[in-house]
Amino acid sequence: MTVRLPGEQSAPERGRLLVVVAVPAEAEAVLRGLPGSAGPVPLPGGGLHCTRHPAGPEVDVLAAGVGPAAAAAGASAALAAHRYDAVVSAGIAGGFAPRAPIGATVLAGAIVAADLGAETPEGFADVTELGFGTVRHTPPPTAVALAAEALAAGAAGPVVTGTVLTVSTVTGSAERAAALTARHPGAAAEAMEGFGVAEAAARHGVPAFELRTVSNPVGPRDRAAWRIGEALAALERAFAALPCPEFLKEARRG
Ligand SMILES: O=C(O)c1cccc(C(=O)CC[C@H]2O[C@@H](n3cnc4c(=O)[nH]cnc43)[C@H](O)[C@@H]2O)c1
């Protein structure tokens, strides 16, 4: 149930944004960056936190779990329960050097499923090449550009717009990183949820975006090199800098 303050605009006028993250630490970072207070709202299979702000849009933050399947299931449940104007897959990510160093913020110009396909004698073939649907979603470019400009003014680290790959297995070798950049020259980051969120959003007719902050380089596995605290701080700053009303208006225009 939505509680309205006297004089407060209704949600359809103010707009409503869904942010899907994987884990509670990411949800807390996003919520710290957003104005207004937040309260939990029950949703089957996940914790949904709805923010209340008298002037701005409602922003609901859902920690749906790690990986594309959990993300798609969680996003779909939220999208079926409420009416949203846009969905953002958000969280920490691996960054492709040199484009997206640790602490950078990456906005997806394209959200691509990088390992959804088949190995063939000629190499990897994605499901589109195999004739089974899509591996790519393209967020509305004018809304991405608006967000990128605002984040560049408000974020401490670099802000990069590029392809964000969705993988089911975290890259752990230089060979795999090189294979991904050879296949996706525009790749800036890899994470594990964006494509799942974008698939759910497409089925509900809602525009999907992805915003990531870089915690580790994509490449040989080195847990000592992770900077999760730095990436979560960048995530908080990114949501503090995101002009939600203008972003939603632009997202609605498509
Ligand atoms: O065990 C490892 O070597 C390892 C390296 C990086 C990340 C992980 C995770 O399990 C984190 C998964 C979680 O965080 C996002 N994430 C962060 N960095 C990456 C990455 O380099 N590649 C893919 N996903 C990453 C992801 O979206 C998940 O939510 C383990």
Side-chain angles (χ1 to χ4, degrees), residues 18-31 45-47 49 61-75 78 87-108 110-116 124 135 137 139 157-158 160 162-184 186-201 208-236 238-239:
L18 175 64
V19 180
V20 181
V21 298
V23 297
E26 291 169 327
E28 285 155 20
V30 171
L31 288 166
H49 291 267
V61 184
L62 172 68
V66 171
V87 187
V88 179
S89 171
I92 63 170
F96 286 95
R99 295 186 76 188
I102 286 175
T105 301
V106 178
L107 277 160
I111 301 169
V112 173
D115 51 14
L116 188 60
F124 177 78
V135 290
H137 291 280
V160 180
T163 300
V164 179
L165 305 180
T166 301
V167 294
S168 290
T169 303
V170 173
T171 296
S173 68
E175 292 72 25
R176 175 77 182 144
L180 287 171
T181 44
R183 191 170 170 83
H184 306 283
E190 74 162 35
M192 304 178 83
E193 292 84 21
F195 188 75
V197 172
E199 282 282 289
F209 299 85
E210 187 163 5
L211 188 164
R212 294 280 167 180
T213 53
V214 175
S215 55
N216 57 279
V218 177
R221 187 163 191 239
D222 176 11
R223 295 202 63 149
W226 293 12
R227 297 288 179 269
I228 291 177
E230 213 175 301
L232 291 175
L235 193 60
E236 176 182 339
F239 275 88

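All ligand and atom numbering here is 1-based and tracks the order in the structure. Note that the numbering runs from 1 along the sequence shown for the chain. Since the structure is predicted, the reported quantities are computational estimates derived from the model, not experimental observations.
- The salt bridge (charged side-chain N to carboxylate O under 4.0 Å, His left out) analysis of residues 92-101, with sequence neighbours excluded, yields no pairs.
- If you run side-chain contact (heavy atoms from CB on, under 4.5 Å) between I111 and each of V197, V135, T166, only T166 comes through.
- Listed by chain and number, the residues in a side chain to side chain contact (heavy atoms under 4.5 Å, CB included) with A22 are E26, V66, E193 (sequence neighbours excluded).
- From the protein, the heavy atom lying nearest to atom 10 (O) of ligand 1 is V170 CG2, 4.4 Å.
- Looking at N216 next to ligand 1, an N or O pair under 3.5 Å apart turns up.
- Atom 3 (O) of ligand 1 has its closest protein heavy atom at R221 NE, 2.3 Å.
- Residue V112 comes nearest to F195 through the heavy atom pair C-CD1, 4.4 Å, listed as atom of the first residue, atom of the second, then distance.
- Shown in contact with R212 at under 4.0 Å from a heavy atom are these atoms of ligand 1, numbered in order with element: 27 (O).
- At least one N or O atom of E190 sits closer than 3.5 Å to an N or O atom of ligand 1.
- Those atoms of ligand 1 with a heavy atom of A191 less than 4.0 angstrom away are 23 (C), 24 (N), 27 (O).
- Residue A93 approaches ligand 1 through these ligand atoms, each under 4.0 Å from one of its heavy atoms: 16 (N), 17 (C), 18 (N), 19 (C).
- Of all non-hydrogen atoms in F96 and E190, the two that sit nearest each other are CE1-N, 3.9 Å.
- Considering only non-hydrogen protein atoms, atom 28 (C) of ligand 1 sits nearest to E193 OE2, 3.3 Å.
- The heavy-atom pair separating A234 from G103 by the smallest distance is CB-O, 3.8 Å.
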Take D115 and L165, measure what side chain to side chain contact (heavy atoms under 4.5 Å, CB included) needs, and give me the verdict at the end.
CA-CA 9 Å; D115 51 14; L165 305 180; over 6 Å; no
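- The shortest heavy-atom distance from G91 to ligand 1 is not under 4.0 Å.
- Heavy atoms of A22 found under 4.0 angstrom from ligand 1 belong exclusively to the side chain.
- For atom 19 (C) of ligand 1, the closest non-hydrogen atom on the protein side is G94 N, 3.4 Å.
- For the pair L180 and R176, the minimum side-chain heavy-atom distance is below 4.5 Å.
- In terms of N/O distances under 3.5 Å, ligand 1 is approached by M192.
- Among protein heavy atoms, atom 16 (N) of ligand 1 sits closest to I92 O, 3.8 Å.
- For the residue pair V160 and A188, the shortest heavy atom distance occurs at CG1-CB, 4.1 Å.
- Scanning the protein for heavy atoms near atom 6 (C) of ligand 1, the closest one is W226 CZ2, 3.2 Å.
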